[in-house]
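Taking it in order: structure first as structure tokens, then the write-up.
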Amino acid sequence: MADYTPQSIEQKWQARWTSSGAFEVEVDRSRPKFYCLEMFAYPSGHAHVGHVRNYMIGDIVARLKRMQGFNVLHPFGWDAFGLPAENAAIKNKVHPETWTLANIAHMKGQLQRLGISYAWGRELATCLPDYYRWNQWLFLRMLEKGIAYRRRSAVNWCPTDLTVLANEQVIDGACWRCGTAVVTRDLEQWFLRITQYADELLDGAAGLSAWPEKVLTMQQNWIGRSTGVQASFPLVDPVGGTTGLEIFTTRIDTIYGATFVLLAPEHPLVDPYLAGPEQALKREAVAKFRAQDRLARMSGEVDKEGVDTGRVAINPFTGERVPIWVANFVLADYGTGAIMAVPFGDQRDFEFAKKYGLPIRAVVAPNDGETIDAAAVDPATMTEAWAGYGRSVNSGPFSGLPSDEAWRKMADHAEANGIGRRSTQYRLKDWGISRQRYWGTPIPVVHCPVDGIVPVPDEQLPIELPKVEQFTGQGDSPLAQIADWVNVPCPRCGGPARRETDTMDTFVDSSWYFYRFCDPGNTELPFSPASVRYWGPVDFYSGGVEHAILHLIYSRFFCRVFRDLGMVDHDEPFTRLLTQGMVLKDGNVMSKSKGNVVDPDDMIEKYGADALRLYVMFVAPPEKEVEWSDSGLEGSWRFLARVWRAVEPLAPMVAGLGAPATPKRDQREGGDFTGLDFDDAHRALRRKTHQTIERVSGDLYPRAHLNTAVAALMELVNELYAFTDKIGLTRQGRLSGIEAGPATRAVLAETVEALVLMLSPFAPHMAEELWELLGHGDGVVAAGWPAADAAVAAEEAIVVPVQVNGKVRGRVSVPAGIDEASLEAAALADPAVQGHIAGKTIVKVVVAKGRLVSIVVK
Ligand code: ANZ
């Protein structure tokens with residue numbers, strides 16, 4: 001008997017898969033397609049086991065679906081633009097491309113050593129011109145459709161390095177390199193009008209029934225649609241042409257309780273209202289608010305603070321004069337950047353009013369019968385805002401109306417009297433894609449002093465990145481410093497002009513790569529519509545939950561843009577989504593900075609890729625976090641060695657006897673079992689085998705309960721050992737002396753083959769090796785997934801005699817494994833037995849499990 005030596009087996013099969021192109025696919029309309037995709041990788045250098053968990057999950061699904069007869073597209077690529085390459089260039093004086101391509105080469109090797117079944121022939125890297133030219137092509141289409149546009153917007157600027165900083169390069173308000181406090185600067189930048197699709201993105205999410213609920217909720221919150229009223233509060237001191245303060249509220253029904261109004265620190269009224277030397281302190285406070293983190297301001301993490309402008313506005317419903325304050329928790333880019341404050345109904349306003357002694361007025365009363373403490377809705381005693389609905393009070397002519405009716409009537413009143421109008425607001429903003437960086441897709445426009453912004457004609461694409469020798473990380477955008485590249489003739493008038501020097505956010509690259517995989521060699525278009533009509537949408541997509549918002553929303557947006565260009569005929573790009581859990585070590589998420597990464601290569605060297613794959617899949621459900629453990633991995637290795645020891649010695653005896661798995665296989669059909677003389681042990685093993693096929697098939701997809709599927713396989717292996725032990729077949733050496741009968745051999749062949757096939761998505765190399773030993777030349781994939789025979793899987797029925805006072809009075813038919821209590825109940829319920837016990841007292845019941853029930857009555 002040969003030992004289980006994963007390293008030699010694994011290399012052999014990886015080489016075979018590569019040379020035979022085992023996972024390369026073409027459009028084949030005669031077969032159902034399945035598009036299985038894991039989020040592509042950022043080539044940071046080395047993948048650790050936390051990264052590769054995701055690829056293993058996808059690989060199991062891909063391998064299963066292939067065996068189930070689907071034409072499976074399972075591609076991989078590299079999200080290869082982005083800041084780390086540029087940072088490495090600055091630090092190590094290595095070109096971003098050199099750094100990136102070296103990382104890709106290394107990581108690709110890692111994935112190949114794991115035996116992930118990718119169609120490498122479709123590999124792509126977004127940093128190569130044959131990919132990013134299509135970003136440029138799509139940008140031009142968006143420009144034509146008015147989806148891409150330009151406006152001024154703030155960027156982070158380091159006054160020492162004289163460079164724009166990405167948000168990730170700003171650490172606690174300071175430059176990541178020199179520690180100088182970062183300032184904001186307004187620049188003309190490019191945006192994509194994703195807000196045009198806000199309603200569709202929101203409503204479409206409702207149909208994504210195979211996405212995790214939490215992801216849908218995050219997307220909904222991100223889009224954040226609110227219906228409300230935009231109303232104007234007349235200003236007592238108009239500024240320029242501004243005579244009214246526009247506010248947005250979702251609770252117009254509370255307007256009688258609006259006892260003050262609040263401006264965002266960035267609101268245009270703030271500077272004029274706080275002008276003059278005597279207000280310097282207030283201006284300082286406002287400057288501090290502006291510098292506070294936007295998210296913290298919104299979340300309420302920072303204390304609510306404000307300053308009084310000393311000016312007043314008129315509440316358009318009550319006619320009262322209300323003070324105008326500036327508050328740090330009001331955001332400039334939501335609604336109108338100003339609010340009517342209703343401390344009675346809004347917690348932030350309540351805290352603000354308490355802090356600064358501003359009035360609180362009750363404007364809603366709970367419905368009769370609601371159990372709310374009167375003190376909780378009395379402005380004199382309440383300790384927090386009451387955001388409930390009920391009926392309006394202290395609300396002039398609207399008093400007494402139920403809240404919803406008051407809302408409608410007040411909105412009508414506002415509209416009829418020129419006070420305001422109904423309005424829908426979104427948290428979602430247009431997507432700013434300009435980056436003042438080198439390592440990204442150049443935006444394909446030219447700035448001409450005569451013609452303005454001129455799109456680069458399609459036939460001049462790609463605009464390739466210039467080769468740069470040295471990255472200083474200083475000055476304006478790196479591209480702006482390369483005169484040869486920047487200065488070009490205007491495509492329209494031929495006069496001197498300058499290229500756009502911004503590059504695109506790398507999220508553009510990842511928003512459509514899944515379509516490029518369908519047709520990666522296309523030189524006319526990003527992809528042919530026919531290829532995506534066949535392969536699309538992605539059936540199963542898996543990746544980290546950190547991409548739950550941006551990447552997935554942007555991809556859903558691009559899907560709709562391609563649809564509106566007539567290139568895609570579906571509305572949603574990803575039918576089913578799985579978000580895999582993190583891998584932790586020593587309680588922390590694995591990461592280079594924490595120094596707790598486990599390199600898959602080290603583990604492969606020690607235990608083999610199959611054990612690593614099996615361990616990671618067995619240790620927890622894919623969505624859950626995993627705490628890494630070397631001993632768990634060793635346990636998986638031991639299990640595989642145990643499988644090997646069970647199957648390998650049996651191979652000569654059962655080779656060629658394979659039981660039917662799918663009709664595709666031309667060996668024995670199910671009927672052939674009928675001629676064989678099965679005993680109880682045979683039947684029990686067959687039953688377990690078919691029950692396991694049912695369980696594993698059900699667990700794997702779409703449920704993706706990969707860990708319980710492995711557990712079921714472990715049980716089957718135990719049964720196999722119990723069987724061979726019982727008939728004295730097990731151990732090495734003893735096998736040859738035993739003459740197994742045809743029934744035994746047929747049953748063993750069936751079990752062993754089913755086991756190998758079901759194990760193959762998890763431990764593909766070992767499965768291939770065993771499959772070959774079992775006499776098959778055509779690979780596990782070609783074998784097809786085993787089919788469960790429900791009749792064989794069903795618990796066998798046994799007939800148990802029932803005695804009453806020592807005489808057999810009936811026979812009950814029950815499942816073989818029945819427990820004593822159920823058997824007793826079945827016996828007592830039997831109609832024939834009933835005839836002998838009805839009306840009598842049962843003295844005792846003796847159950848001989850599986851054999852006899854004896855009832856004594858008097
Ligand atoms: C008065 C009011 C009374 C409000 C009440 C709420 C409760 P959503 O649902 O998230 O859209 N608001 C409006 N613009 C804001 C801004 N730029 N920054 C901070 N807060 C802003 O929230 C809408 C509500 O958030 C609006 O309704 C407004 O407060 C506040 F009992 O107006 B409300």
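Counting convention: from 1, in listed order, for ligands and their atoms alike.
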I want to know whether F514 and F574 have ring centres closer than 6.0 Å. yes
Measure centre to centre between the rings of Y42 and H547, then say whether the value is under 6.0 Å. no
For the atom pair CG (L578) and CD (E623), what is the distance rounded to the nearest 0.5 Å? 4.5 Å
Sequence neighbours excluded, every pair satisfying ring pair (Phe, Tyr, Trp, His ring centres under 6.0 Å) that has a member inside residues 377-405: F398-H413
Distance dump, ligand 1 polar atoms to protein, N/O, under 3.5 Å:
from: ligand 1; atom 1: 9 (O); to: S226; atom 2: OG; distance (Å): 3.4
from: ligand 1; atom 1: 10 (O); to: R427; atom 2: NH2; distance (Å): 2.5
from: ligand 1; atom 1: 11 (O); to: S226; atom 2: OG; distance (Å): 2.4
from: ligand 1; atom 1: 11 (O); to: Y334; atom 2: OH; distance (Å): 2.5
from: ligand 1; atom 1: 17 (N); to: L331; atom 2: O; distance (Å): 2.7
from: ligand 1; atom 1: 17 (N); to: Y334; atom 2: O; distance (Å): 2.9
from: ligand 1; atom 1: 18 (N); to: L331; atom 2: N; distance (Å): 3.0
from: ligand 1; atom 1: 25 (O); to: R348; atom 2: NH2; distance (Å): 3.4
from: ligand 1; atom 1: 27 (O); to: T249; atom 2: OG1; distance (Å): 3.4
from: ligand 1; atom 1: 27 (O); to: T250; atom 2: N; distance (Å): 3.1
from: ligand 1; atom 1: 27 (O); to: T250; atom 2: OG1; distance (Å): 3.2
from: ligand 1; atom 1: 32 (O); to: T249; atom 2: OG1; distance (Å): 2.7

Using the ring centroid of each side chain, check whether F507 and W431 are separated by less than 6.0 Å. no
Let me confirm one number: the CE-CD1 distance from M410 to I255, rounded to the nearest 0.5 Å. 8.0 Å
